[in-house]
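Reading through the structure tokens given below for one structure.
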Amino acid sequence: MNALEITQLKYRYRDGTEALRGISFRVLPGECVALLGPNGSGKSTLLLHLNGLLPEKKSEAGAVKIFGEAVSSANLELVRRQVGLVFQDPDDQLFCPTVAEDVAFGPQQLGLSETETVARVKHCLAQVGLSGFEGRSTQHLSHGEKRRACLAGVLACDPRILVLDEPTSDLDPRGRREFKAMLRRLPATKIIATHDLELAVELCARTIVLDHGEIIADGRTGELLSDEKLMLAHGLERPHILHHLHPH
Ligand code: ADP
């Protein structure tokens, strides 16, 4: 069964902007897919659809299926349990005073007991390298730590699909390296919208390129990113890292 199946997904914002013009693709369980494209190409709009944040009224039902279940207002809750979305800006995601409260919020909503919740918070903070941060104020973390806390909060709901919007955009080189290593260790199916082409090469076997709300290319990351003509035509560039790699 596909983890994700998108069929002819279209979306138009209220002001008439056509953000998605008929997107179709499937993702198998365990795949890690990079979503590339210039600003305004539709990446964020697509990610929001993956957990039903933008109700898709105009297109026919069944445009987005998560593990075979069509996303609709009737099963939004079920879908959101399966899909964990890590926002681009951690400040949009963190809303509790302390790290522990923030990470505990999801498990509490799922109805876990206090003991289970505490154990899960501890486990997820350890997964992102924030052991012992339980009592820290979410507002006084470094940017990298905020990103990790967001990821811990999402992991705490145990999603089968992890969706990340620009996870490394404002991290320093060490922060980026550590965050990538952490993502690599997570077994969930991953969809990562990014401008960080090294991240795409290092983590994602497959890449989808979006432009003007359409899929321009979908294939093996190394091949697509080595295609200089394709990259330049869609506001991207061939990453330096590929210059050091053999073509095969
Ligand atoms: P990306 O994430 O690739 O930068 P977006 O999904 O944010 O692209 O945007 C896709 C298109 O939709 C762009 O033309 C953008 O200007 C437009 N858009 C995004 N959000 C809104 C909104 N809330 N209202 C109207 N247009 C929007």
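Each ligand, and each atom within it, is numbered from 1 in the order the structure gives. Not measured: the values here are computed from a predicted model. Only heavy atoms go into these numbers, but all of them, side chains included; no hydrogens, no water, no symmetry mates.
Of the protein's non-hydrogen atoms, the one nearest atom 7 (O) of ligand 1 is S44 CB, 3.8 Å. Ranking the protein heavy atoms by distance from atom 14 (O) of ligand 1 puts T17 CG2, 3.6 Å first. Looking at atom 19 (C) of ligand 1, its nearest protein heavy atom turns out to be Y13 CE1, 3.5 Å. Among protein heavy atoms, the minimum distance from atom 13 (C) of ligand 1 is reached at G40 O, 3.5 Å.
Considering OG1 of T189 and CD of E31, their distance stands at 8.0 Å, rounded to 0.5 Å. Taken from CD1 in I6 to CD1 in I208, the straight-line distance is 8.5 Å, to the nearest 0.5 Å. Between atom CD1 of residue I215 and atom CZ of residue R21 there is a gap of 14.0 Å, rounded to the nearest 0.5 Å.
Distances below 4.0 Å separate heavy atoms of N39 from the following atoms of ligand 1: 4 (O). In the vicinity of S41, heavy-atom distances shorter than 4.0 Å reach the ligand 1 atoms 1 (P), 3 (O), 8 (O).
Residue-level proximity to ligand 1 for A193 is absent, since no heavy atom of it falls below 4.0 angstrom.
With a 6.0 Å radius and a threshold of 12 heavy atoms from other residues, nucleotides or ligands, H212 has its NE2 atom at or below the threshold.
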- Item | Residues T194, D196; criterion side chain to side chain donor-acceptor pair (under 3.5 Å); working and verdict | CA-CA 5 Å; T194 187; D196 181 347; 5.0 Å; no
- Task: Start with the C-alpha gap between Q127 and R185, add the side-chain angles, then the distance that decides, and say whether side chain to side chain contact (heavy atoms under 4.5 Å, CB included) holds.
- Result: CA-CA 9 Å; Q127 269 186 304; R185 286 195 294 269; over 6 Å; no
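Looking at G42 next to ligand 1, an N or O pair under 3.5 Å apart turns up. Residue T45 has at least one nitrogen or oxygen atom sitting less than 3.5 Å from a nitrogen or oxygen atom of ligand 1, judged on distance alone.
Ligand 1 is approached by P38 to a heavy-atom distance shorter than 4.0 Å.
Results of the side-chain contact (heavy atoms from CB on, under 4.5 Å) test with Q82 over L50, I161, L4, I66 single out I66 as the only residue that passes.
For the residues H212, H195, K43, Q88, the heavy atom positioned nearest atom 3 (O) of ligand 1 is part of K43.
For atom 16 (O) of ligand 1, no protein heavy-atom neighbour is found at a distance under 4.0 Å.
With hydrogens and angles ignored, the 3.5 Å screen pairs no side-chain donor or acceptor of E166 with any backbone N or O of Q88.
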